[in-house]
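Counting begins at 1 with the first residue of the sequence. Atoms considered below: every heavy atom in the structure, side chains included; atoms not considered: hydrogens, waters and symmetry mates.
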Amino acid sequence: MRNQLIIKFLIITVLLFGGGKAILAQEVINPSANADDVEIGVVEHLDDFLPDSISLINEAGEQVWLADLIDKPTIINFVYYRCPGICSPLMEAVAGVMDKSELIPGKDYQVLTISFDPTETIDLGIRKKNNYLKLMNNADKVEAAKTGWKYFVSDTASILRATSATGFKYKKTGNDYLHAASLTVVSPDGKITRYLNGLYFLPFEWKMAIVEASKGQSGPTLNKVLRFCYSYDPQGQTYVLNVTKIGGTLIMFFAVVLLLVLVIKPKRKKSI
């Protein structure tokens, strides 16, 4: 009976401090190192080069080649413009971090948004672009993003080549798609140097990915410890230590250790 109560308390503690966020938040499909294990998600192809045979249709309705567009650090993100799910939060996150970052789109880097739905037209992409530009508050960044954040559509063959080269895996279900929220960072010579996954990006993480891409240096997907420990304060425009999150984690850790000791520790034999 005693052990059952301890185990129940252990489960409640884990749910309150460790699992609550996972239950309440929308899960984002994490990257996998093995292509055979992933049907929907991202298989990282760090240090691979993008092929030359990927054609796109730009905002002017012209056919262009992806390889010709990449002349500076480039962030590629795959979406489909009709997406009712994570595409909109992803694009809002991109607009937000571009607005906060000290780097200038079109000068220091560029963002290429590519629809992986071959039935979509560039007109829809242009409308989406205008909507996301309105979310940016810095007038100078908005002007820069008009040319530094480019939207495209493409045909089935080129979409397959592009998504295969970057390891972006998705699945069609009816008229929609299941897919991950992910950005691929590419160096000026077309080498994949980093992936940024999720629906929130820190400005210093954004800058680090771009700076490293400019040097052709590949890096880890993200700094999970920093992202976990710090939160962005929009009023102070700085990052502050998230005491509540860290405290909850420490409480959970020590509670688990204590309860395991109580469960595993053998009972003393009664003296005769």
Side-chain angles (χ1 to χ4, degrees), residues 25-26 28-29 42 56-62 64 66 69-70 72-154 159 162-163 166 168 170 175-186 194-210 213 222 227 232 234 237:
Q26 181 181 8
V28 177
I29 299 172
V42 178
L56 306 170
I57 303 297
N58 65 15
E59 294 167 34
E62 302 166 336
V64 294
L66 178 60
L69 297 172
I70 300 176
K72 58 176 63 68
T74 300
I75 295 173
I76 299 174
N77 73 302
F78 295 103
V79 297
Y80 69 107
Y81 302 130
R82 302 177 295 101
C83 180
I86 61 176
C87 288
S88 291
L90 173 61
M91 302 299 280
E92 290 170 7
V94 171
V97 74
M98 289 175 70
D99 203 28
K100 295 184 183 78
S101 174
E102 63 187 59
L103 301 181
I104 301 173
K107 177 184 177 183
D108 300 314
Y109 69 98
Q110 64 181 343
V111 178
L112 308 182
T113 295
I114 303 171
S115 170
F116 58 81
D117 182 349
T119 67
E120 292 188 330
T121 63
I122 194 58
D123 293 339
L124 179 56
I126 293 172
R127 291 199 296 271
K128 290 291 184 178
K129 176 178 179 177
N130 292 332
N131 290 338
Y132 293 120
L133 289 178
K134 292 176 182 177
L135 300 178
M136 300 173 65
N137 298 314
N138 188 316
D140 292 335
K141 294 289 178 62
V142 173
E143 284 301 314
K146 287 180 180 178
T147 55
W149 189 0
K150 304 173 183 178
Y151 280 57
F152 302 90
V153 294
S154 189
I159 290 170
T163 54
T166 56
F168 184 84
Y170 58 97
N175 293 324
D176 293 311
Y177 297 86
L178 297 175
H179 64 96
S182 180
L183 309 177
T184 305
V185 187
V186 180
R194 188 183 286 235
Y195 289 83
L196 302 174
N197 300 298
L199 299 175
Y200 180 71
F201 309 106
L202 302 175
F204 72 81
E205 177 189 22
W206 184 264
K207 179 180 179 180
M208 183 183 298
I210 293 169
L222 50 81
R227 177 173 289 196
Y232 183 74
Q237 295 185 347

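A donor-acceptor pair is defined here as one N or O able to donate and one able to accept, closer than 3.5 Å; such a pair exists between the side chain of T163 and the backbone of I159. Listed for the T166 side chain is a donor-acceptor partner under 3.5 Å among the backbone atoms of A162.
Annotation: the span from L199 atom CG to F201 atom CZ amounts to 7.0 Å, rounded to 0.5 Å. With values rounded to the nearest 0.5 angstrom, C83 atom SG is found 9.0 Å from L90 atom CG. Between atom CG of residue L69 and atom CG of residue L112 there is a gap of 6.0 Å, rounded to the nearest 0.5 Å. Between the SG atom in C87 and the CG atom in D176 there is a gap of 9.5 Å [rounded to 0.5 Å].
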Next item on the list: I would like to know whether N197 and V42 meet side chain to side chain contact (heavy atoms under 4.5 Å, CB included); could you show each step before the answer?
Entry: CA-CA 9 Å; N197 300 298; V42 178; 4.1 Å; yes

Next item on the list: Give the intermediate values and the outcome of side chain to side chain contact (heavy atoms under 4.5 Å, CB included) for residues M136 and M98.
Entry: CA-CA 8 Å; M136 300 173 65; M98 289 175 70; 4.1 Å; yes

Margin query: Working note: L196 + E205, criterion side chain to side chain contact (heavy atoms under 4.5 Å, CB included); need CA distance, chi angles, decisive distance, verdict.
Written below: CA-CA 9 Å; L196 302 174; E205 177 189 22; 3.6 Å; yes

Checklist line | side chain to side chain contact (heavy atoms under 4.5 Å, CB included) evaluation trace for L202 with Y200 | finding: CA-CA 7 Å; L202 302 175; Y200 180 71; 3.3 Å; yes

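Looking at P105 and K141, their side chains come closer than 4.5 Å, going by heavy atoms from C-beta outward. Inter-residue side-chain proximity for N58 and L56 is flagged as unmet; no heavy-atom pair is nearer than 4.5 Å. In this structure the side chain of I114 reaches within 4.5 angstrom of the side chain of I76, judged on heavy atoms. The closest side-chain heavy-atom distance from L135 to E92 is below 4.5 Å.
With sequence neighbours excluded, the residues satisfying side chain to side chain donor-acceptor pair (under 3.5 Å) with K146 are E143. Annotation: side chain to side chain donor-acceptor pair (under 3.5 Å) contacts of K72 (sequence neighbours excluded): none. By the side-chain contact (heavy atoms from CB on, under 4.5 Å) test, A139 pairs with no residue at all, sequence neighbours left out. For D117, the salt bridge (Lys or Arg N to Asp or Glu O under 4.0 Å) test picks out R82, with sequence neighbours left out. Under the side-chain contact (heavy atoms from CB on, under 4.5 Å) criterion, D108 pairs with L103, I104, sequence neighbours left out. Partners of T113 under the side-chain contact (heavy atoms from CB on, under 4.5 Å) rule, at least two apart in sequence or in another chain, are N77, V79, Y81, M91, V111, W149, Y151. By the side chain to side chain donor-acceptor pair (under 3.5 Å) test, N137 pairs with no residue at all, sequence neighbours left out. Shown here are the salt bridge (Lys or Arg N to Asp or Glu O under 4.0 Å) partners of E59, two or more places apart in sequence or in another chain: K129. For K207, the salt bridge (Lys or Arg N to Asp or Glu O under 4.0 Å) criterion is met by E102, not counting sequence neighbours. Applying the salt bridge (Lys or Arg N to Asp or Glu O under 4.0 Å) rule to D123 yields no partners; only residues at least two apart in sequence or on another chain are considered. The side chain to side chain donor-acceptor pair (under 3.5 Å) search around S115 returns E120, not counting sequence neighbours.
The two atoms that bring A209 and V185 nearest to each other are O-CG1, 3.7 Å, heavy atoms only.
For residues 85-121, every residue pair satisfying the ring pair (Phe, Tyr, Trp, His ring centres under 6.0 Å) rule, not counting sequence neighbours, is listed here: Y80-F116, Y109-W206, F116-F168, F116-Y170, F116-Y177, F116-H179.
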